[in-house]
Protein chains: 2
Amino acid sequence: MGAIPSTHSLSPTPGTLADQVFLRLREAIVSGDLMPGERILEPALAARFGVSRGPLRDALARLAERHLIERPVHQGARVVTLSFPKLIDLYHAREALEGMACRLAAERAPEATLEALAALLDEHEQGAALHAGAAYVQDEGDLDFHFRIAQASENPALIPILCDQLYHLMRLYRRTFVAQGRRSTTALREHRAIVDAMRERDGAFAEQLMRRHIAKARRNIEDLYAAQLRAVDTGEE
Amino acid sequence: MGAIPSTHSLSPTPGTLADQVFLRLREAIVSGDLMPGERILEPALAARFGVSRGPLRDALARLAERHLIERPVHQGARVVTLSFPKLIDLYHAREALEGMACRLAAERAPEATLEALAALLDEHEQGAALHAGAAYVQDEGDLDFHFRIAQASENPALIPILCDQLYHLMRLYRRTFVAQGRRSTTALREHRAIVDAMRERDGAFAEQLMRRHIAKARRNIEDLYAAQLRAVDTGEE
DNA sequence: TTTTACCGGTTTGTTGACATTATTGCCCAG
DNA sequence: CTGGGCAATAATGTCAACAAACCGGTAAAA
């Protein structure tokens, strides 16, 4: 459920080799198969993917452009290293971009798209009722919701930034900073309010709701992190 | 004055060959040396830059990731084609991102940075008085102002998007859609108001002012474009 | 006359090999 | 025993050559 339907599942010719390597490598990074900070050896990876270093380097150049890897000169490539401040920075960017995406979607998106969004929230509600506490699928569902709103904005300047860059970084961070506990039910309510505003075509209000929603999530993470720091500071380990 | 101080002008080793080709090629595209929509022949460009196709393809992969060129499979690379709707989309993205950058800069940036911003506006005022009507330097100055605010946000998620992606696309569009007439003096006043709010550390207000400033510029362009369309429609040519 | 198939030339995507640079292990001095 | 310098090793950046795919023109067929 969810994930990225960007490639329309064309099996015979998924494009060039470099494209395939790019996709597989990105998935390997985001899914945690390659750990953050881990060194990437070109010969080893090329052999693992069964291609030469040419297409691999092409893919590495693209991934570096999307900040999923870092490539200091003559020192090879490393998976990007994560940090809490960077995660907070990400949330600030999301607040601005997804707020605007929400406004544009509310103003422009066809009725059917907004209906589909509402239907998606129904699914999430049932999913939450069924296997309650399955934080992973909840998180994926949350990202899926935001992902679809970005696409509904129909703004080709916003969509790539959100869907091709920030979205994957978020998935990477979620795997690492597992924190963010029981916010799913209240988050679902906020999602409802956002979609309601969009269906009323109130772009300004929808933007405000989305921004508050993301800011709330950010503050939640900041609090959890601060508490964690305090526990480590005063306590054991 | 102006331009991008990203590379700290290190003459001996400006990095790898691919880096140099990337920078030169980006400049060639943004400066109009390579026209929008123009096909890019790899052997020809490689010869022109005096390198092999390897580093060139590396640079092409990066430029494609930044949406400065398009690379359909097996059909070579073309400089991105411009359109008026895309420009409007850009302005929406800028409104969101630069608004947030402005808020963060107002809250975080050191006092000296804000003073430097005010000083920059003084320069712009004198420049406008001196060679009044030199639209080119005014535009460059305007971009420089926005560029510096992005950096003052100190948010490594926002800065690359604005400074490495949108900024260069803006330069490219300004060369093509030359319109935007006498908005420089009123724009300068708006810049002043923004910096004033920042110096008062009023992040929310600074964000609002920046967003209105960019939205105003967008509407100005939209009006000019609509008028231009009407003239073509009813008139000659 | 228009459409379609073909074919040569060109370009791209890919590969393997070469030179330069960083990293690792080792040896020796302190 | 520890730390610094040095050589061997391995990796990166780059280049030139190969194979598959596209483009244009030509000619045959409807």
Side-chain angles (χ1 to χ4, degrees), chain A residues 7-8 10-26 28-29 33-81, chain B residues 6-8 10-26 28-29 34-81:
Chain A
T7 50
H8 313 346
L10 258 162
S11 44
T13 308
T16 161
L17 267 189
D19 291 333
Q20 303 175 33
V21 172
F22 170 79
L23 292 177
R24 291 177 62 181
L25 200 45
R26 183 178 69 178
I29 293 173
D33 197 350
L34 293 170
M35 291 301 290
E38 180 176 343
R39 176 117 185 246
I40 291 179
L41 290 308
E42 295 186 5
L45 259 191
R48 171 172 159 187
F49 285 149
V51 300
S52 113
R53 282 178 52 217
L56 179 77
R57 284 181 62 83
D58 192 302
L60 289 180
R62 295 194 231 170
L63 289 170
E65 214 60 36
R66 296 193 184 180
H67 303 282
L68 280 174
I69 66 174
E70 292 168 349
R71 284 212 307 178
V73 269
H74 287 289
Q75 293 183 40
R78 312 188 83 88
V79 179
V80 70
T81 64
Chain B
S6 63
T7 50
H8 313 348
L10 259 161
S11 43
T13 307
T16 162
L17 268 190
D19 291 332
Q20 304 176 32
V21 172
F22 170 78
L23 292 177
R24 290 177 62 182
L25 201 45
R26 183 179 68 178
I29 292 174
L34 292 171
M35 291 300 291
E38 181 176 342
R39 176 115 185 247
I40 292 179
L41 289 308
E42 295 185 4
L45 259 192
R48 171 172 158 187
F49 285 148
V51 300
S52 116
R53 281 178 53 215
L56 179 79
R57 284 181 62 83
D58 193 302
L60 289 180
R62 295 193 231 172
L63 289 170
E65 214 60 35
R66 296 194 182 179
H67 304 280
L68 281 174
I69 66 174
E70 294 169 349
R71 283 212 309 178
V73 268
H74 287 290
Q75 294 181 39
R78 312 186 84 88
V79 179
V80 72
T81 63

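The analysis underlying the following values was restricted to heavy atoms, covering all of them including side chains, and did not include hydrogens, waters or symmetry mates. Since we're looking at a predicted model, the values are computed, not measured. Each chain gets a letter, A, B and so on, in the order its sequence line appears, and its residues count up from 1.
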Is the shortest heavy-atom distance from the side chain of B:Glu38 to the side chain of B:Ile29 under 4.5 Å?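 Side-chain contact under 4.5 Å: no.
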Sequence neighbours left out, what passes side chain to side chain contact (heavy atoms under 4.5 Å, CB included) with [X]? Give chain and number order.
{"X": "B:Gln75", "answer": "B:Pro72"}
{"X": "B:Val51", "answer": "B:Leu17, B:Val21, B:Phe49"}
{"X": "A:Arg39", "answer": "A:Leu41, A:Arg78"}

Which residues pass the side-chain hydrogen bond (donor to acceptor under 3.5 Å, both in side chains) test with A:Arg24, not counting sequence neighbours?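 Applying side-chain hydrogen bond (donor to acceptor under 3.5 Å, both in side chains) to A:Arg24 gives none.
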Starting at atom [atom1] of [X], determine the distance to atom [atom2] of [N], rounded to an integer number of angstrom.
{"X": "B:Asp58", "N": "D:dG13", "atom1": "CG", "atom2": "C1'", "result": "9 Å"}
{"X": "B:Leu45", "N": "C:dT11", "atom1": "CG", "atom2": "C1'", "result": "13 Å"}
{"X": "B:Gln20", "N": "D:dT14", "atom1": "CD", "atom2": "C1'", "result": "13 Å"}
{"X": "A:Leu17", "N": "C:dT15", "atom1": "CG", "atom2": "C1'", "result": "11 Å"}
{"X": "B:Arg78", "N": "C:dT12", "atom1": "CZ", "atom2": "C1'", "result": "14 Å"}

Which residues pass the salt bridge (charged side-chain N to carboxylate O under 4.0 Å, His left out) test with A:Arg57, not counting sequence neighbours?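 With sequence neighbours excluded, A:Arg57 shows a salt bridge (charged side-chain N to carboxylate O under 4.0 Å, His left out) to A:Glu42, given in chain and number order.
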Classify every nucleotide of nucleotides 7-12 of chain D by which part a protein heavy atom approaches to under 4.0 Å, writing B for the base, S for the sugar-phosphate alone and - for neither, in 5'-to-3' order. ----SB
C:dT12, OP1 or OP2 - any side-chain N/O from A:Thr16 closer than 4.0 Å?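 False: A:Thr16 side-chain N/O out of range (4.0 Å or more) of C:dT12 OP1/OP2.
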